[in-house]
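Since the structure comes first, as structure tokens, the remarks are kept for the end.
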Amino acid sequence: MIRLFTLLFLVISLFVATSCSSMEMIDCPYVVADSRIELGALEDSYEFAGVHFSLYNDSLKDISSFTVSFLVYDNDGQNPFIGSNCIVKSFNAPVAAHTKSDFSVSLDSHLVRVPKEKYILDFFYIKKISYADGSVWTDPFGMHSTSEVSQNDD
């Protein structure tokens, strides 16, 4: 009987300990705003197409680096590239706590021809955040992603 209670206590303790430590993973420590794909050139960034977004650091810690992930589709919902349409880009750029910074990602290396119509940006999320204090927040499966973030029409 004592073994049963000991086992039950260990199982409950393990459940409580792991559920409490994973609760902070539910909270999203950032806000992405104004995500869009632009065609044309942006000096020192890209010649033909790029993704623009603003990142608001909604945590008490300063960000030292982060990794963004997103998908790109043409207006027919197809992959516009010969390779993968899943783009992952890391930034070694500080973002202070409770501040917003603007970023862009070049799509030039994925293009085989200059696009004539704007693309659709989908499943956009921050995959990993490294903080200045050495801690790391991750969302490896895109639980905080936004779908069909932008379909630009002229």
Side-chain angles (χ1 to χ4, degrees), residues 15-154:
F15 176 75
V16 169
T18 57
S19 64
C20 290
S21 66
S22 63
M23 287 303 289
E24 72 181 37
M25 296 302 286
I26 293 173
D27 294 331
C28 187
Y30 67 87
V31 176
V32 171
D34 198 26
S35 329
R36 66 194 184 283
I37 295 178
E38 294 289 336
L39 300 182
L42 178 66
E43 188 175 332
D44 297 328
S45 187
Y46 57 84
E47 285 296 318
F48 304 109
V51 173
H52 296 257
F53 65 96
S54 297
L55 175 65
Y56 177 75
N57 180 1
D58 196 23
S59 73
L60 299 174
K61 303 183 254 182
D62 294 343
I63 293 174
S64 59
S65 65
F66 65 95
T67 301
V68 64
S69 179
F70 55 88
L71 299 172
V72 178
Y73 295 99
D74 63 17
N75 284 333
D76 295 325
Q78 300 297 312
N79 178 356
F81 311 131
I82 288 180
S84 174
N85 65 331
C86 179
I87 312 297
V88 178
K89 169 75 172 156
S90 294
F91 291 88
N92 289 319
V95 181
H98 297 291
T99 62
K100 181 179 86 164
S101 294
D102 297 324
F103 297 94
S104 66
V105 177
S106 173
L107 296 177
D108 291 354
S109 64
H110 302 278
L111 300 173
V112 292
R113 64 177 172 76
V114 177
K116 293 183 179 174
E117 54 187 30
K118 293 184 181 180
Y119 294 137
I120 298 168
L121 184 59
D122 195 21
F123 204 65
F124 191 101
Y125 68 101
I126 306 298
K127 191 172 192 155
K128 179 180 177 183
I129 297 175
S130 297
Y131 292 99
D133 68 0
S135 62
V136 175
W137 180 90
T138 60
D139 182 7
F141 306 113
M143 299 300 290
H144 298 286
S145 68
T146 54
S147 292
E148 296 191 279
V149 173
S150 176
Q151 181 173 358
N152 295 311
D153 297 320
D154 287 330

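Scope of the values below: all heavy atoms of this structure, side chains included, with no hydrogens, waters or symmetry mates. Model, not experiment: these values are computed from the prediction.
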How far does [atom1] of [X] sit from [atom2] of [Y], to the nearest 0.5 angstrom?
X: K100; Y: N57; atom1: NZ; atom2: CG; result: 13.5 Å
X: Y119; Y: E38; atom1: OH; atom2: CD; result: 14.0 Å
X: K116; Y: D74; atom1: NZ; atom2: CG; result: 13.5 Å
X: N85; Y: D122; atom1: CG; atom2: CG; result: 9.0 Å
X: I37; Y: K118; atom1: CD1; atom2: NZ; result: 10.0 Å

- Task: Could you walk me through whether V51 and I87 pass side-chain contact (heavy atoms from CB on, under 4.5 Å), step by step?
- Result: CA-CA 10 Å; V51 173; I87 312 297; over 6 Å; no
- Task: Verify the distance criterion only: is there a donor paired with an acceptor across the side chains of S54 and D102 at less than 3.5 Å?
- Result: yes
So which atom in [X] and which in [Y] form the shortest heavy-atom distance, rounded to 0.1 Å?
X: C28; Y: D58; result: O-OD2, 4.4 Å
X: D108; Y: A49; result: OD1-N, 3.2 Å
X: S35; Y: L121; result: CB-CD2, 3.8 Å

Is [Y] close to [X] at the side-chain level, that is, under 4.5 Å between some pair of heavy atoms?
X: F70; Y: V105; answer: yes
X: L55; Y: S101; answer: no
X: Y125; Y: Y30; answer: yes
X: I126; Y: D139; answer: no
X: L71; Y: C86; answer: yes

Output all residues satisfying ring-ring contact (aromatic ring centres under 6.0 Å, His included) with [X], sequence neighbours left out; order by chain, then residue number.
X: F103; value: F53, F66, F91
X: Y73; value: none
X: Y131; value: none

- For side-chain contact (heavy atoms from CB on, under 4.5 Å), just list the numbers for V136 and K128, CA-CA rounded to whole Å, side-chain angles, deciding distance to a tenth of an Å, and then say yes or no. CA-CA 7 Å; V136 175; K128 179 180 177 183; 3.7 Å; yes
- Query: Parallel, tilted or perpendicular: which fits the ring planes of F81 and H110, with parallel below 30° and perpendicular above 60°?
  - Reply: tilted
Main chain of [Y], side chain of [X]: is a donor-acceptor contact present, judged purely on distance under 3.5 Å?
X: S64; Y: S130; answer: yes
X: D62; Y: A132; answer: no
X: S45; Y: L42; answer: no

- Who are the side chain to side chain donor-acceptor pair (under 3.5 Å) partners of E117, not counting sequence neighbours? N75
- Task: Could you pull out all residues at least two apart from S135 that satisfy side chain to side chain donor-acceptor pair (under 3.5 Å)?
- Result: K61, D133
- Task: Any side chain to side chain donor-acceptor pair (under 3.5 Å) involving residues 88-98? Give me the pairs, sequence neighbours left out, ordered by first then second residue.
- Result: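 Passing the test, one end in residues 88-98: Y56-H98, T67-S90.
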- Query: After noting the C-alpha distance and the side-chain angles of F48 and L107, does the key distance pass the side-chain contact (heavy atoms from CB on, under 4.5 Å) rule?
  - Reply: CA-CA 8 Å; F48 304 109; L107 296 177; over 6 Å; no
